[in-house]
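Computed over heavy atoms, backbone and side chain alike; hydrogens, waters and symmetry mates excluded. Counting convention: from 1, in listed order, for ligands and their atoms alike. Predicted model, so just to flag it, every value in this text is computed and none were measured.
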Amino acid sequence: MPLHKLNEEDQELYNRIFQQNRKWADDKKKRDRSFFTAHFKEQDPHFLYIGCSDSRVPIGDLTGMDIGDIFVHRNIANVVSLDDDNIMAVLQYGVEVLKIKHIVVSGHHGCGGVNAANSGVHYGKMDSWLDKIRDVRLRHASELDGISDKNIENDLLAEYNVIAQCENLMQIDFIRKGYEENGFPLVHAWVYDMRTGLLHDMEFDMDAYLDNKK
Ligand code: CO
């Protein structure tokens with residue numbers, strides 16, 4: 001029981017989380033008695049997922065992946081910021097310790113972070129984070145400025161943002177070196193369309209990026 005005084009509705013929601021958790025754990029154990037003990041020993045995920053914090057993008061559910069399958073980092077608008085200790089630690093641990101072979105940056109249409117960065121409005125504390133997306137916008141300003149439908153403009157910026165964040169990944173020494181020497185990790189750009197529930201692979205081309213940098 002939480003110590004906080006909650007109204008009836010909030011208390012019910014809070015309780016439901018624990019009820020559903022017990023049911024989930026029971027169901028897993030019914031199907032496989034050693035499910036939790038086996039997973040407790042180690043993790044061997046094949047994917048490192050960098051996604052948006054948005055509550056409407058449940059990456060495990062929408063890919064059918066279960067516990068142990070995906071190593072996850074989420075932030076507002078799936079940004080790979082090279083001066084962010086948090087994501088850098090996730091990436092280094094994922095690549096060097098867990099030996100993950102696939103790093104996915106996944107954005108989504110209807111992204112509140114992208115829309116905010118594209119709105120011209122200032123948001124105080126959040127602005128230094130949104131500036132990272134505004135930088136992406138600046139690089140595509142001539143094309144984006146020419147779009148009259150704001151939703152289409154926002155969604156296109158969300159897509160450019162995913163590509164830009166993949167390019168940021170390519171600047172990280174242990175990712176670039178690993179790929180050039182061993183062929184791994186591979187970097188993938190995905191966009192999730194909340195209107196249809198479908199993921200789209202934007203086919204990020206690592207070699208083309210490296211060739212351009214030569
Ligand atoms: Co979002």
Side-chain angles (χ1 to χ4, degrees), residues 13 17 45 47-67 69-91 94 100 102-141 143-145 147-172 175 185-204 209:
L13 174 64
I17 285 176
F47 284 83
L48 194 171
Y49 170 87
I50 299 161
C52 182
S53 300
D54 196 300
S55 62
R56 298 162 296 176
V57 190
I59 188 58
D61 289 352
L62 69 90
T63 54
M65 294 286 110
D66 209 334
I67 72 170
D69 291 334
I70 308 179
F71 197 55
V72 173
H73 177 87
R74 297 174 76 162
N75 61 38
I76 300 270
N78 41 272
V79 170
V80 177
S81 176
L82 304 183
D83 54 15
D84 175 6
D85 289 345
N86 186 344
I87 197 168
M88 292 305 288
V90 169
L91 285 164
I100 290 173
H102 300 274
I103 305 177
V104 172
V105 179
S106 181
H108 65 107
H109 293 150
C111 181
V114 169
N115 298 356
N118 200 29
S119 68
V121 176
H122 288 279
Y123 292 89
K125 285 263 182 228
M126 279 190 289
D127 276 325
S128 66
W129 191 257
L130 296 178
D131 279 347
K132 300 172 202 300
I133 306 153
R134 293 183 182 120
D135 287 345
V136 177
R137 197 205 182 281
L138 217 55
R139 277 180 254 156
H140 300 279
E143 183 184 0
L144 293 168
D145 286 343
I147 299 172
S148 54
D149 184 322
K150 196 70 181 175
N151 289 325
I152 293 173
E153 185 190 334
N154 285 338
D155 288 353
L156 187 58
L157 177 57
E159 293 173 18
Y160 280 133
N161 181 48
V162 172
I163 299 295
Q165 306 312 326
C166 287
E167 289 174 352
N168 287 345
L169 286 176
M170 297 300 294
Q171 293 178 46
I172 297 170
I175 291 175
L186 297 173
V187 172
H188 307 275
W190 294 356
V191 171
Y192 174 65
D193 187 342
M194 293 198 303
R195 299 177 189 92
T196 61
L198 296 177
L199 277 177
H200 299 275
D201 188 329
M202 298 178 67
E203 301 181 342
F204 179 69
Y209 174 84

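Looking at residues two or more places apart in sequence or on another chain, you find no side chain to side chain donor-acceptor pair (under 3.5 Å) involving Asp135. For Ser53, the side chain to side chain donor-acceptor pair (under 3.5 Å) test picks out no residue, with sequence neighbours left out. When the salt bridge (charged side-chain N to carboxylate O under 4.0 Å, His left out) test is applied to Asp61, no partner is found at least two apart in sequence or on another chain.
Only protein atoms were considered; those of element N, O or S under 2.8 Å from the Co ion (ligand 1) number 3.
For the pair Asp131 and Arg137, the salt-bridge criterion is not met [side-chain N within less than 4.0 Å of a carboxylate O]. Salt bridge annotation for Asp155-Arg195: present, with a cationic side-chain nitrogen under 4.0 angstrom from a carboxylate oxygen.
Ring geometry for His102 versus Phe47: interplanar angle under 30°, hence parallel rather than tilted (30 to 60°).
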